[in-house]
Amino acid sequence: MAKGVQADVQAGVQAELHRLRLSIDNMDAALVHLLAERFKITQEVGELKAANGLPPADPEREVQQIARLRALASESHLDPEFAEKFLNFIVAEVVRHHEAIANRAG
Ligand SMILES: C=C(O[C@@H]1C=C(C(=O)O)C=C[C@H]1O)C(=O)O
């Protein structure tokens with residue numbers, strides 16, 4: 001009997017884990033879609049910059065974005081350090097793309 005109860009608890013835990021993971025999978029998909037859209041736009045920014053002789057990176061803009069995202073993160077109970085690292089990670093990749101576009105154009 002006790003074994004049956006334990007099996008039910010295990011099955012309940014597995015069902016709950018599955019439910020939570022379905023939601024994680026949906027959010028991961030949304031993140032990938034959002035990033036893909038963001039990179040489409042930053043590609044256009046890179047082409048615009050290269051065509052007009054503007055530098056690939058804009059450190060002033062990055063400072064503003066970090067301040068804004070840190071504030072948004074705090075309001076949302078997300079670690080602002082993590083938000084900053086995440087943005088920096090993405091921006092570094094964008095700047096690398098912009099440099100490649102500029103080198104191709106120049
Ligand atoms: C996209 C731009 O280029 C770079 C990438 C940024 C980004 O990914 O948000 C921000 C600033 C720039 O260093 C831009 O200047 O807006």
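Worth knowing before you read on, the calculation uses all heavy atoms, side chains too, and leaves out hydrogens, waters and symmetry mates. In listed order, ligands and their atoms are each counted from 1. From a predicted model like this one, the values you see are computed outputs, not experimental measurements.
Those atoms of ligand 1 that come under 4.0 Å of a heavy atom in Ala57, given as number and element, are 13 (O).
Listed here is the closest heavy atom pair of Pro56 and Val95: CB-O, 4.2 Å.
To the nearest 0.5 Å, atoms CD (Glu81) and CZ (Arg70) are separated by 4.5 Å. Rounding to the nearest 0.5 Å gives a distance of 10.5 Å between NE2 of His18 and CD of Gln14.
In terms of protein heavy atoms, atom 12 (C) of ligand 1 is closest to Asp58 N, 3.4 Å. The closest protein non-hydrogen atom to atom 8 (O) of ligand 1 is Arg38 NH1, 2.9 Å. For atom 13 (O) of ligand 1, the nearest non-hydrogen atom of the protein is Glu62 OE2, 2.4 Å. In terms of protein heavy atoms, atom 5 (C) of ligand 1 is closest to Val94 CG1, 3.6 Å.
Put simply, the side chain of Asn52 never gets that close to the backbone of Leu54: no donor and acceptor are under 3.5 Å apart.
Using a 4.0 Å cut-off between heavy atoms, Val95 contacts ligand 1 through its side chain alone, with no backbone atom that close.
Of the options Lys49, Gln64, Arg61, the smallest heavy-atom separation from atom 14 (C) of ligand 1 is shown by Lys49. Comparing heavy-atom distances from atom 9 (O) of ligand 1 across His98, Glu60, Gln43, Gln65 singles out Gln65 as nearest.
Between Leu87 and Glu84 there is no side-chain heavy-atom pair separated by less than 4.5 Å.
Between the side chains of His97 and Glu93, at least one donor N or O lies within less than 3.5 Å of an accepting N or O.
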